[in-house]
Amino acid sequence: MKKFITLLLLGSLVLGAKAQIVDAEHATKPTDKTVFYQTPQIEQKNTFIVVSKTELRLYVYGTVGKDTVLMAKFPACLSRNKGQKQRKGDNKTPECKQSKPFHIQAIRNSSAWTHNFHDGRGNIKAYGAWFLSLYTPGHTGIGIHGSTNNESSVPGRHSEGCIRLRDNDIITLKEKYAYIKMPVIIKNETEGPWPWELKAHSKAVPVK
């Protein structure tokens, strides 16, 4: 009986993981939507962000007692080149371990910021309303921001290293969730959903 229950539990985890993978396939499409989930009251200090390079998504989670709950899901655009960031200009998004997360070190109004992508458009507004600057040891200038004039790049792999959200989503992230010192975990390309994520997603109920 114990062997049967163990096999049943393993089967459930595999099916859950497969469901996440299938869902991740849709994350690369322009139709991938932002979703908010029903949650109990959660203190801001108990919330954190996970960025999945595999799924091209930014997730907001919160902890209630010993449980972790999914609060929101945002389509994201990550670096055009895969792998761990090594140096400035390599067009890679830095990664970190779950046990040593990055964090938001500043929240800046970037509504007037411009950037030259060297694609013939010159200096254009490119960051949306807010730039959530991340503390990423060994690297500077990495943040979470909007995608003004680059909205079609979300979701996708087009950035120079930052995490882009749609313009409305960066406003929501800043106003509803973001705070200084908020932990931000950025997975590598080989990392799928962790067991606690599968559990949180299985219980998540979207806000209608």
Side-chain angles (χ1 to χ4, degrees), residues 9-29 32-37 46-63 66-87 90-105 132-139 141-145 147 153-166 169-170 173 177-178 181-204:
L9 289 172
L10 286 173
S12 297
L13 285 173
V14 170
L15 287 173
K18 286 183 176 178
Q20 287 290 324
I21 292 169
V22 170
D23 189 37
E25 290 175 357
H26 295 286
T28 61
K29 298 180 180 180
D32 192 42
K33 297 180 180 179
T34 298
V35 181
F36 303 100
Y37 299 89
N46 294 328
T47 62
F48 61 98
I49 287 170
V50 173
V51 176
S52 172
K53 288 187 174 182
T54 302
E55 298 178 39
L56 300 178
R57 288 191 179 128
L58 182 153
Y59 293 103
V60 180
Y61 293 101
T63 56
K66 295 182 179 181
D67 292 327
T68 301
V69 298
L70 176 60
M71 302 176 72
K73 174 188 77 175
F74 299 95
C77 173
L78 298 168
S79 59
R80 62 176 65 108
N81 293 331
K82 295 183 178 182
Q84 174 65 292
K85 189 169 187 62
Q86 302 294 327
R87 63 187 185 281
D90 63 7
N91 295 318
K92 295 180 180 180
T93 299
E95 306 158 355
C96 63
K97 294 182 180 179
Q98 188 176 174
S99 59
K100 292 184 177 180
F102 300 141
H103 66 259
I104 295 174
Q105 64 179 356
L132 312 183
S133 180
L134 299 182
Y135 175 70
T136 55
H139 307 290
I142 301 298
I144 304 168
H145 58 77
S147 55
S153 68
V154 184
R157 300 294 302 250
H158 304 283
S159 86
E160 296 176 353
C162 289
I163 298 101
R164 290 182 198 165
L165 302 184
R166 292 169 181 149
D169 288 344
I170 191 62
L173 181 65
Y177 306 109
K181 295 292 185 180
M182 185 180 197
V184 177
I185 303 166
I186 304 179
K187 298 179 178 181
N188 65 49
E189 275 86 8
T190 65
E191 290 181 293
W194 293 312
W196 61 264
E197 285 187 290
L198 291 174
K199 182 178 179 181
H201 285 239
S202 70
K203 295 181 177 181

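Being a predicted model, the structure only gives us computed values, none of them experimental.
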Thr34 side chain to Arg166 side chain, donor-acceptor N/O pair below 3.5 angstrom: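 No, no side-chain donor-acceptor pair sits under 3.5 Å.
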Under 3.5 Å, is there a donor-acceptor pair between the side chain of [X] and the main chain of [Y]?
X      : Y      : result
Lys181 : Pro183 : no
Ser133 : Gln105 : no
Asn81  : Asp90  : yes
His139 : Lys85  : yes
Thr93  : Gly161 : yes

With sequence neighbours excluded, residues passing salt bridge (charged side-chain N to carboxylate O under 4.0 Å, His left out) with Asp67: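 Partners of Asp67 by the salt bridge (charged side-chain N to carboxylate O under 4.0 Å, His left out) criterion come out as none, since no residue qualifies.
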Taking the side chain as every heavy atom from C-beta outward, state whether [X] and [Y] have any atom pair closer than 4.5 Å.
X      : Y      : value
Asp169 : Ser147 : no
Ser79  : Glu160 : no
Leu165 : Val154 : no

Return the minimal non-hydrogen interatomic distance between [X] and [Y], and the atom names on each side.
X      : Y      : value
Pro101 : Cys96  : CA-SG, 3.9 Å
Gly141 : Cys162 : O-SG, 3.5 Å
Tyr37  : Ala204 : CD2-CB, 3.5 Å

Would you give the length of the straight line joining atom [atom1] of [X] to atom [atom2] of [Y], rounded to the nearest 0.5 angstrom?
X      : Y      : atom1 : atom2 : answer
Lys33  : Lys73  : NZ    : NZ    : 10.0 Å
Ser153 : Arg80  : OG    : CZ    : 10.5 Å
Leu78  : His158 : CG    : NE2   : 10.5 Å
Leu134 : Met182 : CG    : CE    : 11.0 Å
Cys77  : Leu58  : SG    : CG    : 12.5 Å
Leu56  : Arg164 : CG    : CZ    : 12.5 Å

Passing candidate, side chain to side chain contact (heavy atoms under 4.5 Å, CB included) with Ile49, options Ile186, Leu173, Leu132, Ile163: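 With Ile49 as partner, side chain to side chain contact (heavy atoms under 4.5 Å, CB included) holds for just one option, Leu173.
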Sole candidate of Ile185, Thr136, Ile142 that passes side chain to side chain contact (heavy atoms under 4.5 Å, CB included) when paired with Phe102: Thr136
Pairing residues for Thr190 by the side chain to side chain donor-acceptor pair (under 3.5 Å) criterion, not counting sequence neighbours: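 Only Asn188 meet the side chain to side chain donor-acceptor pair (under 3.5 Å) criterion with Thr190.
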Residue list, side chain to side chain donor-acceptor pair (under 3.5 Å) with Gln86, at least two apart or on another chain: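 Gln86: no side chain to side chain donor-acceptor pair (under 3.5 Å) contacts found.
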Contact list for residues 184-195, test salt bridge (Lys or Arg N to Asp or Glu O under 4.0 Å), sequence neighbours left out: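 Listed once each, the pairs are Lys53-Glu189, Arg157-Glu189, Lys187-Glu197.
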Test ring pair (Phe, Tyr, Trp, His ring centres under 6.0 Å) applied to His103 - qualifying residues, sequence neighbours left out: Tyr135
Partners meeting ring pair (Phe, Tyr, Trp, His ring centres under 6.0 Å) with Trp196 (sequence neighbours left out):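 Residues passing ring pair (Phe, Tyr, Trp, His ring centres under 6.0 Å) with Trp196: Phe48, Tyr61, Trp194.
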Aromatic ring pairing Tyr177/Phe36, orientation class (parallel under 30°, perpendicular over 60°, tilted between):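 The arrangement is parallel - the two ring planes meet at less than 30°.
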Stepwise side-chain contact (heavy atoms from CB on, under 4.5 Å) check, Phe74 with Ile170: CA-CA 9 Å; Phe74 299 95; Ile170 191 62; over 6 Å; no
